[in-house]
Amino acid sequence: MDTHHHHSHGHDHAHAIGATNRAFVIGVGLNLAFVVIEAGFGVAANSLSLLADAGHNFSDVIGLLAAWGAMVLARRLPSPRFTYGLRGSTILAALANAMLLLIAVGGIAWESIRRFTQPAELNEMTIVWVALVGVVINVITALMLMKGSEHDINLRGAFLHMVADAAISLSVALAGLGMLWTGWLWLDPAISLMIAIVIFVGTWSLFKQSLRLSLHAVPDAIDPAAVQAFLAETTCVEAVHDLHIWGMSTTETALTVHLIVGSEHPGNEFLHALAHELEHRFRISHATFQIELGNAGAICRFASPDVV
């Protein structure tokens with residue numbers, strides 16, 4: 001019985017890392033400054049929608065810091081204790097980000113419902129101008145994070161927060177104009193409640209995906225049945241069992257599998273080629289194969305799909 005291990009490094013080029021770091025630095029700085037400004041004007045204008053947006057923006061600052069910190073930790077080298085390094089911190093950051101947003105949703109929704117029964121006088125033009133500044137800041141931050149968000153749910157969580165914030169700030173500005181033209185003070189808590197709903201809808205998918213990854217589920221982008229079929233159809237392979245696929249981080253996927261071959265070991269070239277195909281077809285960058293000879297007689301205790 002032979003065990004072969006193949007690890008292909010990801011595509012974390014220094015230029016891409018530097019660009020992402022700059023995006024986080026600028027994004028955190030801009031959003032933190034805006035939180036202070038928006039909260040101050042929210043109090044001055046007596047606007048729940050501005051305060052709700054400021055609270056949401058502050059949760060995004062924490063989320064950006066968590067995502068950034070997780071990316072830094074993910075680049076730490078493996079150790080005898082943490083044999084995968086700290087790559088999994090990106091999954092925990094995405095999960096924490098989603099949970100923080102869901103908590104913020106509850107607070108905003110509660111205060112919005114309360115404000116419906118207790119409307120207050122507002123400074124509508126202050127609401128409009130501050131919210132428009134928020135749109136600009138969030139769009140800038142989202143554009144800087146957009147490039148790396150396609151294949152990384154940690155970055156996607158931060159990107160989605162910025163996109164949601166831009167839409168929310170625009171809604172707040174429109175609500176301010178609506179109150180200015182109509183005098184309908186209920187628009188302020190109504191927009192705040194809408195903000196809560198938008199955040200919840202956008203966050204729920206991120207929460208489910210990051211929770212699944214934290215439990216070592218197969219990443220959503222990978223079809224385990226397709227991987228199983230590909231391995232089973234590979235030349236020299238007679239049977240496949242004990243297949244496991246999980247996310248080491250939000251960007252790297254690992255696989256372990258037992259492959260039953262004929263009477264002879266297929267050789268290292270076969271295993272290297274197989275690992276290359278798994279990365280090319282399924283973006284599985286860390287593959288470990290255990291080779292079992294078909295004529296060995298002994299039955300692997302992991303051959304049953306019910307045994308882990």
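Worth saying up front: this structure is predicted, and the values here are computed from it rather than measured. For reference, positions follow the sequence shown, starting with 1.
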Heavy-atom closest pair, residues [X] and [Y]:
X      : Y      : value
Thr203 : Ala98  : CG2-O, 3.4 Å
Thr253 : Arg283 : CB-O, 3.9 Å
Ile91  : Ser210 : CG2-O, 3.7 Å
Cys236 : Phe270 : CB-CE1, 4.3 Å
Ala131 : Ala173 : CB-N, 3.6 Å
Val218 : Pro224 : CG1-CD, 4.1 Å

Shared ILVMFWY cluster between [X] and [Y], side chains joined below 4.5 angstrom?
X      : Y      : result
Val201 : Leu170 : no
Met248 : Leu92  : no
Met194 : Trp110 : no
Met99  : Ile197 : no
Leu206 : Ile103 : no

Drop me the distance from [X]'s [atom1] to [Y]'s [atom2], to the nearest 0.5 angstrom.
X      : Y      : atom1 : atom2 : value
Ile222 : Trp246 : CD1   : CH2   : 11.5 Å
Leu211 : Leu215 : CG    : CG    : 5.0 Å
His241 : Gln290 : NE2   : CD    : 7.0 Å
Thr141 : Phe34  : OG1   : CZ    : 10.5 Å
His272 : His276 : NE2   : NE2   : 12.5 Å
Leu274 : Leu259 : CG    : CG    : 6.5 Å

Centroid separation under 6.0 Å, is that true for the rings of His286 and Tyr84?
yes
Could you tell me whether a side-chain N or O of Ser249 sits under 3.5 Å from a main-chain N or O of Glu252, the two making a donor and an acceptor?
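A pair under 3.5 Å: yes.
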Tell me if a side-chain donor or acceptor on Ser89 pairs with a main-chain N or O of Leu86 at a distance below 3.5 Å.
yes
Please evaluate residues Glu238 and Ile260 with respect to the criterion side chain to side chain contact (heavy atoms under 4.5 Å, CB included), reporting the C-alpha separation (whole Å), side-chain torsions for both, the decisive distance (0.1 Å), and the verdict.
CA-CA 5 Å; Glu238 296 180 357; Ile260 298 178; 4.2 Å; yes
As a quick check of understanding, evaluate side chain to side chain contact (heavy atoms under 4.5 Å, CB included) for Gln209 and Leu95, giving each step before the final call.
CA-CA 8 Å; Gln209 190 173 358; Leu95 180 59; over 6 Å; no
A side-chain contact here means heavy atoms from C-beta on lying under 4.5 Å apart; do [X] and [Y] qualify?
X      : Y      : value
Phe230 : Leu278 : yes
Pro219 : Leu213 : yes
Gln228 : Val240 : yes
Val257 : Asp242 : no
Thr288 : Leu255 : no

Given side chain to side chain contact (heavy atoms under 4.5 Å, CB included), test Val105 with Trp204 step by step and report yes or no.
CA-CA 11 Å; Val105 164; Trp204 188 247; over 6 Å; no
Give a yes or no on this: more than 12 heavy atoms of other residues, nucleotides or ligands lie within 6.0 Å of atom CZ of Phe41.
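Open: at most 12 neighbouring heavy atoms sit under 6.0 Å from CZ of Phe41.
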Which one of Val128, Val130, Val136 satisfies the side-chain contact (heavy atoms from CB on, under 4.5 Å) criterion with Leu132?
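Answer after filtering Val128, Val130, Val136: Val128.
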Report the C-alpha distance between Thr256 and Leu243 in whole Å, list the side-chain angles of each, state the deciding distance to 0.1 Å, and finish with yes or no for side chain to side chain contact (heavy atoms under 4.5 Å, CB included).
CA-CA 6 Å; Thr256 60; Leu243 172 62; over 6 Å; no
